[in-house]
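The chains referred to below are lettered A, B, ... by the order of the sequence lines, with proteins before strands, and numbering in each begins at 1.
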Amino acid sequence: MRERDPIQLPVAGLLAVIAVAAWFGAGYFGQELLAEIAILAIFAMSLDLLVGVAGMVSLGHAGFLALGAYATAGATVFWGWPPAAALAFSVAVAGACALGVGLFAVRLGGVFFIMITLAIGQMFYAYFFKARAFGGDNGMSGTPRFDLSPLGLETGDPAVFSALMLVIAGAVYVALLLLVRSPFGMMLTAIHQNENRLASLGCPVRRYKLAAFGLGGAIAGLAGALMAQHTGFVSPDLAFWTLSGEALIIVILGGSGSLVGAAGGAAVFVMLRDHLSDGSFWEGLRLSGDIATHWQLVMGLFFIAVVLLARDGLYGRLSWLVDRVRSAWRGRGGGA
Amino acid sequence: MPDGALLRLEALDAYYGRSHVLQGVSLSVESASVVALLGRNGAGKSTTLKAIMGIVAPAGGSIRFDGEAIHHLASHRIARRGIAYVPEDRGIFASLTVEEHLSLTLPRAVTRGPSSKEAIYEQFPVLAERRRHRGNELSGGEQQMLAIARALTQSPRLLILDEPTEGLAPIVIESIAGIVHSLKGAGLTMLLVEQNYPFAVGLSERVYVLGKGRVRWEGSPAALEASPEVAATWLGV
């Protein structure tokens, strides 16, 4: 008998330590990267709930991120809502829309589900692209950040804002982990493994899938609201399918179904992009700095390598490695 | 055929793509009886069971359970009417423990407390020992027992078993047979698909022989024993 997922909490703890150390060590630009990583981690974990836990591969998840971002932008700029209230509004709007979309999307499986989520994500993109009130394809700026001045904190300071984002990402992680390990999460895991089987046991499979889809959309909306606060700017690109694809890559890179893998994958993704697109990084390796202009090519090769060498992602590979070391250790102890 | 059958299939038709796999299958299962469905590979046995469970949508005909038409219902609603199904592949979830499998079935069954789960463990001591093991850590026989045990947590009125002895060692088959016989002793209604001819014939009160999607013969096990030509033509024994 093996303990299920024994490295989940140690890896999460390690990531937390790295995040705290990075926060203390980071300068202005580093804090911006940290905030970006934290927000992307929330978005990736929300997708992991769908893809890795419940087995619903969505290519339109960015649509809900964009909804959350636009809801926050609209509520704060047009209606003058405080950012915290706008954030709650974003979560509600994205969650409600995900439930609406889910009503028919969860009836489909496999490639049909991918195609319908892709189509719906692109519909959001097309809407925001044409929506004059939101600046159309130019997007709109002016979304304010949380007001923490009563606590003596200035969220305009990147260090304060990135710390806040890290705390929120940590809270989302803990909440999702508890959810995945609850009876509800067990049902989703079972649905992923064999949907028909669970249905013939009397489980209303679609209702569970719908709940997961709605929840995933709501958390994506949260990430969108935070993203709007972070950059102060929203544009139709937030709904574009390539962002959904990026999140999917992050989930697969990190190791789908593990949550902490998605969070770690977000960090790896942002750091890689940052380094590979920086000419001085390549010059440091005694290579031409021009390679930086082709960073996406290098990134692509990296992903191909990960998928070939670690089909279950970085987390899955690490888990496998720990398992091997442990059993080798035990084998030696038993043989002596 | 007397009325009051618990399960009644009438002129059931089903297709896989263009191939007409069930061609007017009719059969009935009386309360507290065991019915065996025999036939060669590809005769339509498993498809009949899947049609009952709503996994394969019938193209025509009707399925009635306790008088109610169920052929248009979703799988989970059929299960909730009181039909438990143990599929051929056993349907064990690799990453869930034995304990979790038994809690999985229905929220209702879970809240009914540990009593029912404990009763199951009493009936399946092997599972009690392995309650914290995951599905992929169980042997084939243990998986089969878990699949049957899980079906029993649904407190079914009809238990459908698809080849419960397939691919198991003789000694394991014996213990599975013991369990199924004790369920029959307790008065549970069962519909059984089996390739293991002696096991099926020894257990059931009524036998249907399927061939190429149709019912080719029906009768008592004794009558089947007395008709070697049926067995030779449709069962290959």
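Heavy atoms of Leu96(B) lying under 4.5 Å from chain A belong to its backbone as well as its side chain. Only the side chain of Arg77(B) has a heavy atom closer than 4.5 Å to any heavy atom of chain A. Looking at Ala94(B), the atoms closer than 4.5 Å to chain A (heavy atoms on both sides) sit in the backbone and in the side chain alike.
Chosen from His76(B), Arg150(B), Met53(B), the residue pairing most often with chain A at heavy-atom distances under 4.5 Å is His76(B). Contacts with chain A were tallied for Ser95(B), Ala74(B), Ala84(B); Ser95(B) has the most, counting heavy-atom pairs under 4.5 Å. Counting heavy-atom pairs closer than 4.5 Å to chain A, the top residue among Glu100(B), Arg81(B), Lys50(B) is Glu100(B).
Of all non-hydrogen atoms in Ala199(A) and Ala79(B), the two that sit nearest each other are O-CB, 4.1 Å. When all heavy atoms of Ser200(A) and Gln154(B) are compared, the pair lying nearest together is O-NE2, 4.0 Å. Contact detail for Leu104(B) and Met186(A): the closest heavy-atom pair is CD1-CE, 3.7 Å.
More than 12 heavy atoms of other shown residues, nucleotides or ligands fall within 6.0 angstrom of atom CG in Leu178(A). Open room surrounds CD on Glu122(B); 12 or fewer heavy atoms of other groups in view lie less than 6.0 Å from it. In this structure, Phe112(A) places its CZ atom where only 12 or fewer heavy-atom neighbours from other residues, nucleotides or ligands lie under 6.0 Å away.
Formation of a donor-acceptor pair under 3.5 Å by the Arg197(A) side chain with backbone atoms of Gly91(B) is not found in this model.
Looking at Phe93(B) and Asn194(A), their side chains come closer than 4.5 Å, going by heavy atoms from C-beta outward.
Here CG of Leu201(A) is found 8.5 Å from NE2 of His101(B). Values are rounded to the nearest 0.5 Å. How far CD1 of Ile55(B) is from CD of Glu195(A): 11.5 Å, rounded to the nearest 0.5 Å.
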